[in-house]
Each structure stands twice: as structure tokens, then as C-alpha cells.
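For reference, positions follow the sequence shown, starting with 1.
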Amino acid sequence: QASDDAMMQLFKILKDRGSISEQEYASLTVLANKDKKKEVQVIESVVAQKTTPEPELSEFEERLEKDESLLASIDERLLDVDDILDDTAAAVDKALEGKWYEHLDIGGYTQFRYHRLMDDEGVLLNHPADRSINENEGFLIRRGRFKISGDLTDHLYLYSQFDYAASVFGSGGTSGLQSRDLYGDISVDTNHVYRFRVGQSKVPFGFVNLQSSQNRAPFERPDALNSAVEGERDIGAYFMYTPVEIRKRFKELVKTGLKGSGDYGMLTVGAYNGQGLNRSDLNDSPHVVARASYPFKFANGQFFEASVQAYKGTFVPTATAIRVNRTTTVTPTFDLGGVDDTRVGVSAVLYPQPFGIEAEWNWGEGPELSSNFRTIEAASLNGGYVMANCKLDDGELFPFVRWNYYDGNRKFATNAPATKVNEIDIGMEWSPWKEVELSLMYTHTAERTNTAVPNYQIDAAGADRIGFQVQWNY
């Protein structure tokens with residue numbers, strides 16, 4: 001729409017060379033003039049000067065016609081390609097019909113760990129979740145996870161996970177192959193909004209319990225939450241409700257490296273045996289659990305997740321004889337039907353974008369050994385953790401500091417001893433590549449009860465340790 005002399009001269013040259021017709025030249029000239037009166041004069045002048053008839057098709061129109069013909073030919077070929085692709089897709093679907101195993105994905109991760117105790121107090125340190133914290137322990141494969149999962153149909157999702165480095169229950173700490181998860185998600189609708197989870201899976205209590213160890217930055221889960229369900233898993237059945245948009249958010253929090261927990265339902269209710277991972281029910285009285293969690297996404301892209309959860313049941317502890325002194329041995333007694341086991345917890349996670357805060361706390365009561373070692377009865381408990389973290393260098397660096405506190409009991413340990421934990425963790429995770437993560441963590445233990453050796457004393461006050469871990473993902 002330029003009206004300068006250069007543009008007008010270009011139009012004239014194009015007309016003189018036959019690249020555009022007289023009519024096209026007139027139209028272009030009209031567009032180039034903003035003065036309406038001059039537009040009329042130009043058109044009249046062109047019409048008056050025209051003495052030869054215009055050819056039926058100009059060179060420009062002929063080229064255009066050829067191009068249109070070529071495009072039509074290409075469209076026909078694309079239609080043929082679409083037909084071929086449709087036929088191929090139909091053939092593939094037919095070939096895979098009934099072969100559910102073709103829909104499965106294989107993956108996992110391995111954690112290679114080493115701990116070094118930094119003082120004499122650390123010699124007596126007992127951490128129930130980490131065998132590498134031991135003066136006699138060298139290198140350790142803490143986790144060797146191998147998982148198979150996939151949507152077999154629109155209504156059935158399968159998840160199976162095994163650990164090749166699990167501590168075998170009752171074997172004195174030796175490692176072996178252990179089933180961690182084996183469940184099916186049965187969806188009522190194809191969008192997986194309403195689904196039932198049946199089998200052995202994580203119990204929906206606590207954000208950090210549901211967060212995979214593959215994603216968690218600190219080496220182990222805090223005692224206050226993990227003591228509710230050691231091993232995080234049990235056999236049970238749950239109903240989960242997650243709208244499509246919320247389901248996408250849960251997935252995004254994991255895929256973008258923000259260390260989310262995954263989709264365990266926006267609203268979840270269910271029941272489970274209550275005796276722990278790979279253990280049978282002992283009282284035919286399942287625990288019941290309920291959880292609500294909502295991941296908010298603000299206008300600036302910041303995520304914040306808030307959760308509340310609770311469970312109730314009766315737990316059957318394990319009791320053995322305790323030597324009180326040189327001449328006296330007692331075996332704790334308890335209600336064979338189980339001891340009351342109830343908790344309620346809250347969670348709040350401001351995801352690191354780049355700075356974040358993660359905090360959880362729970363209260364309740366559970367089986368606890370009495371001070372005279374003669375009975376195991378329900379006693380109050382409380383504890384939690386607060387962690388500040390940061391996601392730097394596009395997620396390659398992940399520094400954190402965490403305070404871990406618990407004053408309660410360890411129901412899964414023999415005799416369900418009372419326990420107290422007060423620790424500070426400072427560490428950093430570095431991911432030079434997506435498939436490799438290197439972690440370094442220092443821990444100062446102000447208090448930690450040794451729940452493995454009677455008389456269950458706080459033997460590691462003031463202990464310091466440093467740990468190193470290599471994780472590879474596949």
C-alpha cells in the first residue's frame with residue numbers, strides 16, 4: 001500500500017514487461033493512492049489509453065493455473081497416503097489385538113550409597129531405613145527397582161515393581177528380591193476420573209510417603225511420617241477420584257522435575273490390612289484411610305499442593321523377651337485383637353520454582369512399649385518435618401535443608417518401642433544428565449533412639465555423618 005514514487009515505478013516496469021496486466025496495474029495503482037479523486041482519474045486514464053485487447057490469459061495467470069493444478073495433484077497424493085496410513089494403523093491394531101503385553105513399559109532405578117560416620121557417637125546410631133549407616137558397612141545398593149507398567153486397555157492399568165536390593169524381613173539385614181507393588185487400576189470411565197486401585201500399593205497417607213524415592217532429594221523419608229506405614233505399602237483396595245485437569249497437574253509436577261508425588265487421587269478412600277509390606281493381616285480388622293489433596297496452579301505458573309489425610313485401625317505388634325537385668329526377663333503382653341492405631345496428618349508443598357518449602361505433620365496414637373517393658377498399649381505421638389529446597393540451573397542442581405522430628409513409637413519394630421528423633425539434613429542433588437543423579441548429604445543427629453537393641457536408649461545424641469549416593473535411572 002505504499003504510495004511513494006519507487007513503488008509506482010515498480011508497478012509500471014512490471015506492466016511494461018508483461019508480468020502484470022493492464023487491469024492489475026490499474027488495481028495496484030488505485031491501492032497505492034489514498035486520494036479517492038485521483039483513483040478515479042487513474043482508472044479513466046488507463047481505460048482511455050488501452051488500444052489492444054488483453055490476452056485471454058496472462059503469463060501470470062498461466063503460472064497460477066499450473067500451480068493450482070500441481071497443488072490439486074499433491075492433495076490427491078496426500079489422500080492416498082492418508083488411506084495407506086489408515087490401512088496400516090488398522091493392520092497394526094489387528095495384529096496387536098489381544099496381545100496386552102505390547103502395551104507395557106519397562107523402567108526403574110538403582111541407588112548406590114556409602115555413609116561415613118564422623119564421630120564416636122555415630123557408632124551407636126541405628127537408622128531403621130538405611131543399613132549403610134553402620135561402621136561395619138561399606139558400599140551398599142540401597143534400592144534396585146525394576147518396574148513394569150502400562151494401560152492394558154481403556155479401563156485397566158497395571159503396575160508391578162520389584163526391588164533387587166530389599167532388606168528381607170527376619171533375615172538379619174541381608175538383601176534379596178522383594179515385591180514392592182502389584183496392583184491394578186480399574187477405571188470406570190476412559191478418562192480415568194473414577195478408578196479403583198486393588199492389590200499391594202502405597203497407602204495414601206502423607207505426601208513424602210507417596211513421593212517416589214527416585215524423585216526425593218533426601219536419602220530417606222522422615223521417621224514421623226514413615227513410621228505410619230514402614231515400606232509405605234500394604235495390601236488393600238481404594239477408590240480414587242481425580243478430574244482430568246487435576247490429573248494433568250499431578251503428572252506435570254513429576255515430568256517437569258518438580259519432584260511431585262504423582263496421582264494418588266484428589267479424593268481417596270479405602271481400606272488395607274494394616275500390618276505392612278508383604279505381611280498378612282493378623283486380626284481380620286482392616287485399617288480405613290481417607291485423603292484429600294489439591295495441587296493449586298497460580299497465574300504465574302507457581303504450584304502449591306495442600307493435603308489432609310487420616311487413618312484408623314488396630315495393629316498387632318510383634319513381641320519377644322526383653323532382659324531387664326541379669327536375672328529378670330519379661331515378654332510384653334498386648335491385646336491379641338490389636339492395639340489402637342490412629343493418625344491424622346496435614347501436608348503443604350510450595351514447589352521449588354525456583355525456591356520451595358515442603359512441610360508435613362501428623363498426630364495420633366499407636367502401639368508403644370511401656371516404660372517397664374511389660375505391656376504394649378496405645379500411646380500418643382506427634383512429629384513431622386520442614387524442608388526448604390531450591391531448583392537451580394534448569395533442575396540440574398537441587399540443594400535442600402530439612403529438619404526431622406518425631407516423638408512417638410515404632411510399631412513395626414519388635415516390641416514397638418518408644419522412639420524420639422531430632423535431626424538436621426543438609427544436602428545437594430546434582431543431575432549432570434537425566435539418567436544420572438549424584439547426591440551428597442550431611443546429617444547431624446541431636447537425638448535418635450536405637451529401636452533395635454533393648455533397652456531402647458537414645459544412644460546417638462550428637463552424632464554426625466555424611467553420605468554419598470549415585471542413582472541411575474532407566
Side-chain angles (χ1 to χ4, degrees), residues 128-129 202-210 221-234 236 268-277 279 281-292 307-320 322 330-347 359-386 404-422 447-452 454-458:
K202 288 183 177 178
V203 175
F205 184 86
F207 171 85
V208 75
N209 281 354
L210 298 177
R221 295 177 174 89
D223 299 73
L225 275 296
N226 200 235
S227 59
V229 191
E230 283 190 18
E232 304 85 54
R233 297 160 173 87
D234 210 320
T268 303
V269 294
Y272 60 100
N273 284 341
Q275 292 300 130
L277 176 66
R279 301 182 191 180
D281 190 12
L282 297 178
N283 59 1
D284 194 27
S285 178
H287 282 51
V288 292
V289 63
R291 183 173 188 262
S307 311
V308 59
Q309 50 262 311
Y311 73 76
K312 181 176 179 58
T314 54
F315 183 86
V316 180
T318 301
T320 60
I322 302 173
V330 298
T331 300
T333 61
F334 55 87
D335 187 338
L336 297 180
V339 181
D340 287 344
D341 182 25
T342 303
R343 295 197 190 196
V344 59
V346 293
S347 310
E360 294 191 87
W361 211 267
N362 70 160
W363 304 263
E365 62 176 10
E368 183 177 307
L369 181 67
S370 62
S371 58
N372 60 9
F373 304 142
R374 297 185 179 278
T375 62
I376 298 176
E377 299 177 336
S380 62
L381 60 89
N382 85 94
Y385 70 97
V386 178
N404 174 24
Y405 176 84
Y406 181 49
D407 185 3
N409 47 71
R410 189 177 167 223
K411 64 184 180 184
F412 288 97
T414 301
N415 297 322
T419 182
K420 194 164 186 178
V421 177
N422 191 349
E447 292 179 287
R448 178 174 281 277
T449 302
N450 188 330
T451 58
N455 293 326
Y456 309 116
Q457 300 296 314
I458 299 177

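Heavy-atom contacts from other residues, nucleotides or ligands closer than 6.0 Å to CG of N372 number more than 12.
Of the possible polar contacts, one joining the Q309 side chain to the G206 backbone as a donor-acceptor pair under 3.5 Å is found. Within the 3.5 Å criterion, the main-chain N or O of V208 finds a donor-acceptor partner in the side chain of E360. No donor-acceptor distance shorter than 3.5 angstrom exists from the side chain of E232 to the backbone of N209, with no hydrogens or angles considered.
Taking 4.5 Å as the limit, some side-chain heavy atom of N455 sits within range of a side-chain heavy atom of I322. A 4.5 Å side-chain heavy-atom check between D223 and P128 finds at least one atom pair inside the cut-off. Taking 4.5 Å as the limit, some side-chain heavy atom of Y405 sits within range of a side-chain heavy atom of K420. Looking only at side-chain heavy atoms (C-beta outward), Y406 and L225 stay at 4.5 Å or farther from each other.
The two residues P417 and L369 make their nearest non-hydrogen contact at CA-CB, 4.0 Å. Between D281 and N283, the shortest heavy-atom contact is OD1-OD1, 3.0 Å. Scanning all heavy atoms of the two residues, the minimum distance from G366 to L381 falls at N-CD2, 3.8 Å. Of all heavy-atom pairs between G383 and A224, the closest is C-CB, 3.3 Å. When all heavy atoms of V386 and A359 are compared, the pair lying nearest together is CG2-CB, 4.2 Å. When all heavy atoms of E368 and A379 are compared, the pair lying nearest together is OE1-CB, 3.5 Å.
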Just list the side-chain donor-acceptor pairs under 3.5 Å for residues 334-342, sequence neighbours left out, or say none.
unit_1 : atom_1 : unit_2 : atom_2 : d
D335   : OD1    : G337   : N      : 2.9
D341   : OD1    : Y311   : OH     : 3.2
D341   : OD1    : K411   : NZ     : 3.4
D341   : OD2    : H287   : NE2    : 3.0
D341   : OD2    : K411   : NZ     : 2.4

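For the atom pair OG1 (T318) and CD1 (I376), the distance works out to 8.5 Å, reported to the nearest 0.5 Å. Note: K312 NZ to R343 CZ = 14.0 Å, rounded to the nearest 0.5 Å. Atom CZ of residue F315 and atom CD of residue Q275 lie 4.5 Å apart, to the nearest 0.5 angstrom. A distance of 8.5 Å separates CG of D407 from CD of E447, quoted to the nearest 0.5 Å.
Side chains of S347 and R291: a donor-acceptor N/O pair is absent below 3.5 angstrom, by distance only. With no hydrogens or angles considered, no side-chain donor-acceptor pair links R410 and T419 at under 3.5 Å.
The side chain to side chain donor-acceptor pair (under 3.5 Å) test with Y456 singles out one residue from T449, N450, N415, and that residue is N415.
With sequence neighbours left out, D234 forms a side chain to side chain contact (heavy atoms under 4.5 Å, CB included) with V203, Y272, N273.
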